[in-house]
Amino acid sequence: MMAVLLLALVGGLLEVCSGVSANRGGYPSFTDEIPFKITWPGAEFTLPTSGALYSEEDFVILTTTEKEKYKCLLPSLTAGEEEYGGPSPGELLESLFKRSSCSYRVRLFLFHLIFLHTETETKISVQEYFLGNMAQKNQAEKTDGVPTKNIEGQLTPYYSVAMGNGTPCLLKQDQPRSTAVLYVCHPEAKHEILSVAEVTTCEYEVVVLTPLLCAHPKYRFKSSPVNAIFCQALAGSPLRPQRLAQLDKEQEEQLKPPFGGVGWWKYEFCYGRHVHQYHEDKEQGKNIVVVGNWNADEHLDWAKKNVARSLQLREDGVQKVKLVSHFYGHGDVCDLTGKPRQVIVKLKCKESESPHAVTVYMLEPQTCQYVLGVESPVICRILDTADDYGLLSLSS
């Protein structure tokens with residue numbers, strides 16, 4: 001099974017000559033939820049001391065169609081769960097239930113969840129609906145496992161509390177409204193409400209972010225680190241397969257800066273370098289405005305506060321990267337704001353029969369703060385290499 005995984009990762013360039021060593025003790029289960037990346041280190045190589053564990057006995061020997069041979073060390077994914085003997089999720093949240101203050105979002109209260117409907121005429125009239133009462137609280141789900149929910153593209157563990165005895169619902173024969181409150185771990189949150197939804201008639205779902213649950217390891221968000229597979233060239237073989245190096249050159253050609261835009265301004269995007277806005281004139285030449293420049297550290301700071309990688313859940317239950325967002329700052333100073341221009345670049349897969357098809361568009365939601373959309377079939381092949389910060393794993 002691991003051998004098949006390796007073949008898929010390098011685009012079908014490799015053929016397996018021998019399996020894992022007899023000491024491995026069986027294959028673990030592999031799914032698309034666990035990302036892998038093949039690296040090609042040289043002879044002077046030491047195994048990492050943190051992250052996934054490696055053993056010199058866990059390897060496969062791979063041979064390319066050109067008879068190049070590589071020894072690939074496989075990561076161990078059998079790390080056990082962190083032991084925990086502390087308070088239960090309900091006990092961790094007990095202090096929140098006893099507070100005199102509430103969690104807010106658009107005039108919605110947690111202890112007595114209230115839906116406000118306003119009508120603007122000569123005066124404002126307010127109609128209140130209690131979506132659920134804390135006095136009727138009970139744990140909605142009592143299962144051995146921890147339930148998860150796709151929240152903003154991430155499968156997130158949560159603790160559910162049911163609130164009942166809300167305002168009678170006319171659409172359901174005066175049955176009381178009810179709400180499921182989903183508590184989600186967020187270390188920097190202040191018990192605020194993330195979202196409110198009416199999942200069915202007069203039945204609601206509220207997602208609350210709280211740092212209290214983060215003390216329990218099963219309720220912390222678990223990111224999926226990229227597990228490295230180290231393939232070292234054996235005697236007589238190049239550092240990396242020749243056909244793979246050729247594929248990299250072809251991909252580099254396809255990743256040349258795309259141009260877009262119609263009318264006065266056009267746009268140039270060069271991945272990992274810059275975003276330019278320009279106008280060409282026969283008499284005055286090319287007028288270029290730097291919209292943003294790439295800086296990895298600034299992007300990481302931005303990504304820690306914003307969603308840099310958006311996922312979608314396919315029908316088969318596998319999560320795939322839908323798009324990634326990158327921050328480009330320190331553009332030319334804007335005359336209207338006195339601040340440097342900046343742009344969020346959104347890279348999205350575009351299905352097309354032509355591998356060179358590119359769609360580029362620019363939006364300006366705020367003065368001199370832009371959103372640049374780039375969609376291309378080339379992006380489809382690299383989106384799933386994105387890490388938690390939206391950074392893509394490109395060989396060149």
Side-chain angles (χ1 to χ4, degrees), residues 86-216 218-221 307 312-313 315 317:
S88 66
E91 292 171 338
L92 291 172
L93 294 172
E94 195 63 32
S95 61
L96 179 61
F97 300 149
K98 294 179 179 179
R99 287 163 49 123
S100 58
S101 58
C102 301
S103 295
Y104 294 92
R105 178 184 172 91
V106 197
R107 301 189 71 186
L108 241 142
F109 301 89
L110 175 60
F111 286 88
H112 294 284
L113 294 170
I114 300 174
F115 176 77
L116 301 182
H117 174 69
T118 61
E119 297 178 357
T120 304
E121 295 177 352
T122 55
K123 63 178 182 178
I124 297 177
S125 61
V126 178
Q127 190 173 6
E128 297 183 350
Y129 294 92
F130 286 83
L131 306 190
N133 195 312
M134 192 65 179
Q136 301 294 323
K137 174 181 72 73
N138 61 79
Q139 184 178 347
E141 298 190 33
K142 296 182 179 179
T143 58
D144 295 333
V146 176
T148 59
K149 179 179 176 62
N150 192 331
I151 298 177
E152 295 189 345
Q154 302 282 0
L155 280 179
T156 307
Y158 65 87
Y159 179 79
S160 179
V161 172
M163 295 187 181
N165 201 27
T167 302
C169 177
L170 295 177
L171 299 177
K172 297 184 69 175
Q173 292 75 46
D174 285 338
Q175 292 183 18
R177 287 173 167 82
S178 62
T179 298
V181 183
L182 311 186
Y183 291 93
V184 172
C185 159
H186 193 296
E188 300 176 359
K190 298 181 180 178
H191 317 296
E192 62 263 28
I193 294 176
L194 175 67
S195 63
V196 180
E198 186 174 8
V199 291
T200 60
T201 303
C202 294
E203 295 182 11
Y204 307 88
E205 182 181 88
V206 177
V207 177
V208 179
L209 305 179
T210 175
L212 299 179
L213 269 183
C214 300
H216 198 303
K218 290 187 177 181
Y219 288 88
R220 298 173 194 154
F221 172 74
V307 178
Q312 61 180 353
L313 194 63
E315 293 182 358

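Side chains included, hydrogens not; waters and symmetry mates left out as well; all remaining heavy atoms used.
Interatomic distance, OG1 of Thr156 versus CZ of Arg220, reported as 15.0 Å (0.5 Å rounding). Atom CG of residue Leu170 and atom CD of residue Gln175 lie 12.0 Å apart, to the nearest 0.5 angstrom. Residue Leu182 holds its CG atom at 11.5 Å from CD1 of Ile193, rounded to the nearest 0.5 Å. Tyr158 contributes atom OH, which lies 12.5 Å from atom CG of Leu213 (distance to the nearest 0.5 angstrom).
Between Pro176 and Gly166, the closest heavy-atom pair is CB-O, 3.5 Å. The shortest heavy-atom contact between Pro157 and Lys218 is CB-O, 3.6 Å. Leu131 and Thr179 get closest at one heavy-atom pair: O-OG1, 2.8 Å. Between Pro211 and Pro187, the shortest heavy-atom contact is CB-O, 3.7 Å.
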Worked verdict on Cys169 versus Thr201 for side-chain contact (heavy atoms from CB on, under 4.5 Å): CA-CA 9 Å; Cys169 177; Thr201 303; 4.3 Å; yes

Working for side-chain contact (heavy atoms from CB on, under 4.5 Å), residues Leu212 and Ser95: CA-CA 9 Å; Leu212 299 179; Ser95 61; 3.7 Å; yes

Test log, rule side-chain contact (heavy atoms from CB on, under 4.5 Å), inputs His186 and Thr210: CA-CA 5 Å; His186 193 296; Thr210 175; over 6 Å; no

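Of the candidates Arg177, Lys172, Glu198, Lys172 is the only one forming a side-chain contact (heavy atoms from CB on, under 4.5 Å) with Glu203.
Between the side chain of Thr167 and the backbone N or O of Phe130 there is at least one donor-acceptor pair closer than 3.5 Å.
Ring planes of Tyr159 and Tyr219: perpendicular class, angle over 60° (limits at 30 and 60°).
Looking at heavy atoms from C-beta onward, Val208 lies out of side-chain contact with Glu192 at the 4.5 angstrom threshold. Counting heavy atoms from C-beta outward, Leu209 and His191 have side chains that stay 4.5 Å or more apart.
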